[in-house]
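Notes follow once the structure below has been shown.
Heavy-atom basis, side chains included; hydrogens, waters and symmetry copies ignored. For this chain, numbers begin at 1 and follow the sequence in order.
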Amino acid sequence: MRRWWLAFAALVLLQIGYPLAAGRPRAALVAATVILGFSLSVGHAVVTRGLRTGTALVGVAAAGGLAVETLGVATGFPFGGYAYSDALGPRLWGVPALIPLAWAWMAWPAWLAAGTATRRRWPRTALAGLGLAAWDLLLDPQMVAEGYWHWRHPDPHLPGVPDVPLTNYLGWLAVAVLMMALFPVLAGPRAGTAEPVRDRPVLALYVWTYAGSVLALAVFLGLPAAAGWGAVGMAPVALPAALALCPS
């Protein structure tokens, strides 16, 4: 348990540092956050649910994320036309190597957080997909504003978020739900079990990502509309997870 709480604390510190940095130091913080988040999520999945679950997480979310991002960069489907800059480091087929790690980093917390609201397979699949996709309501405007990627045709868009097209969010939702439907099939029955004590650091990570990102965008990064959309979008998954963390 202690190692997961220490990793969580380290992630919090890295994310707090993001709005306080700029340029290359900020990009370095992004890289460190993603790598640590990926390691935390995959490591926790393996230790608490077994190697099969961790392997399924990497296969579905990381490899699957790389595949869909490669398709997206090359064709514009399913997110819309976009391209990455060089700021996030080495790329594979036009996609920074960090990006598929980020898919896996947040897929596991979204899956566990959805499980605090329901244990029924298909409602959980839908909620977990929403929990992963809604994160991008906060992530994409932040990363576009920093110049890490850009959209060729950002219209139509959400009110107050002019640089990211609606197709991006719809594509994220479709891909995320598909990932969450496939994940338990490959991971096996242990992926769906409850570990209330051992899952607390990962649930805390999801809740912190929700609250911390909303605060950062609204107060420090000058993106209040994106903060509002993200606050609403992630709430159906983040709020049950927050309640699960409260002492009974």
Notebook entry, point to check: If you look at every heavy atom in S41 and A104, which pair is closest and at what distance?
Noted result: CB-O, 3.9 Å
Next item on the list: Quick one: pull up CD in Q142 and CG in L137 and give me the separation to the nearest 0.5 Å.
Entry: 12.5 Å
Note to self: side-chain contact (heavy atoms from CB on, under 4.5 Å), that's the test. Do V12 and W208 meet it? Break it down for me.
What the structure shows: CA-CA 8 Å; V12 169; W208 158 255; 3.8 Å; yes
Checklist line | Candidate list V68, L66, V58, test side-chain contact (heavy atoms from CB on, under 4.5 Å), partner W103, passing option | finding: V68
Item checked: Test item: D136 and L139 side chains (from C-beta on) under 4.5 Å apart, heavy atoms -> yes
Notebook entry, point to check: When rounded to the nearest 0.5 angstrom, what is the spacing between CG in L6 and CG in L40?
Noted result: 10.5 Å
Next item on the list: Quickly, which of Y82, W149, W172, Y169 forms a side-chain hydrogen bond (donor to acceptor under 3.5 Å, both in side chains) with D140? Name it, please.
Entry: W149
Margin query: Tell me whether W93 at atom CH2 has more than 12 heavy atoms from other residues, nucleotides or ligands lying less than 6.0 Å away.
Written below: no
Margin query: Ignoring hydrogens, what is the shortest heavy-atom contact between L132 and A110? Give both atom names and the distance.
Written below: N-CB, 3.8 Å
Check: Between T118 and R124, does a side-chain contact (heavy atoms from CB on, under 4.5 Å) hold up when you go through it step by step?
Finding: CA-CA 6 Å; T118 179; R124 182 176 186 175; 4.1 Å; yes
Item checked: Spatial distance of atom CG (L36) from atom CG (L13) [nearest 0.5 Å] -> 10.5 Å
Check: Are D86 and R91 close enough, and set up right, to give a side-chain contact (heavy atoms from CB on, under 4.5 Å), and what steps lead you there?
Finding: CA-CA 8 Å; D86 295 328; R91 290 186 282 182; 2.6 Å; yes
Next item on the list: Say whether, by atom type as modelled, one donor and one acceptor occur between the side chain of R49 and the main chain of G54 under 3.5 angstrom.
Entry: no
Next item on the list: Decide yes or no for P162 and P154: does some side-chain heavy atom of the first lie under 4.5 Å from some side-chain heavy atom of the second?
Entry: no
Note to self: I want to check something: taking the side chain as every heavy atom from C-beta on, are W108 and V202 in contact at a cut-off of under 4.5 Å?
What the structure shows: yes
Item checked: Separation between CG of L98 and OH of Y84, rounded to the nearest 0.5 Å -> 10.0 Å
Item checked: Check: L203 and V207 side chains under 4.5 Å, non-hydrogen atoms -> no
Note to self: To the closest 0.5 Å, what do you measure between CE (M180) and CG (L127)?
What the structure shows: 11.0 Å
Check: Side chains of D199 and H44: closer than 4.5 Å at any heavy-atom pair?
Finding: yes
Next item on the list: Evaluate the side-chain proximity of F79 to P165: yes if any heavy-atom separation is below 4.5 Å, no if none is.
Entry: no
Margin query: As a test of understanding, state which of F183, W105, Y206 forms a ring-ring contact (aromatic ring centres under 6.0 Å, His included) with W111.
Written below: F183
Checklist line | Heavy atoms from other residues, nucleotides or ligands near CZ of R119 exceed 12 (cutoff 6.0 Å) | finding: yes
Notebook entry, point to check: Is the closest side-chain heavy-atom distance between W151 and D163 below 4.5 Å?
Noted result: no
Checklist line | Distance-minimising heavy-atom pair for G233 and P236 | finding: O-CD, 3.3 Å
Margin query: For residues L173 and L178: do they belong to one hydrophobic cluster (side chain heavy atoms under 4.5 Å, members Ile, Leu, Val, Met, Phe, Trp, Tyr)?
Written below: no
Margin query: Given 3.5 Å as the limit, does a donor-acceptor pair link the side chain of R52 with the main chain of A191, or not?
Written below: no
Notebook entry, point to check: Side chains of L138 and L217: does their closest heavy-atom pair fall under 4.5 Å?
Noted result: yes
Notebook entry, point to check: Roughly how far, to the nearest 0.5 Å, is CG of L221 from OG of S213?
Noted result: 9.5 Å
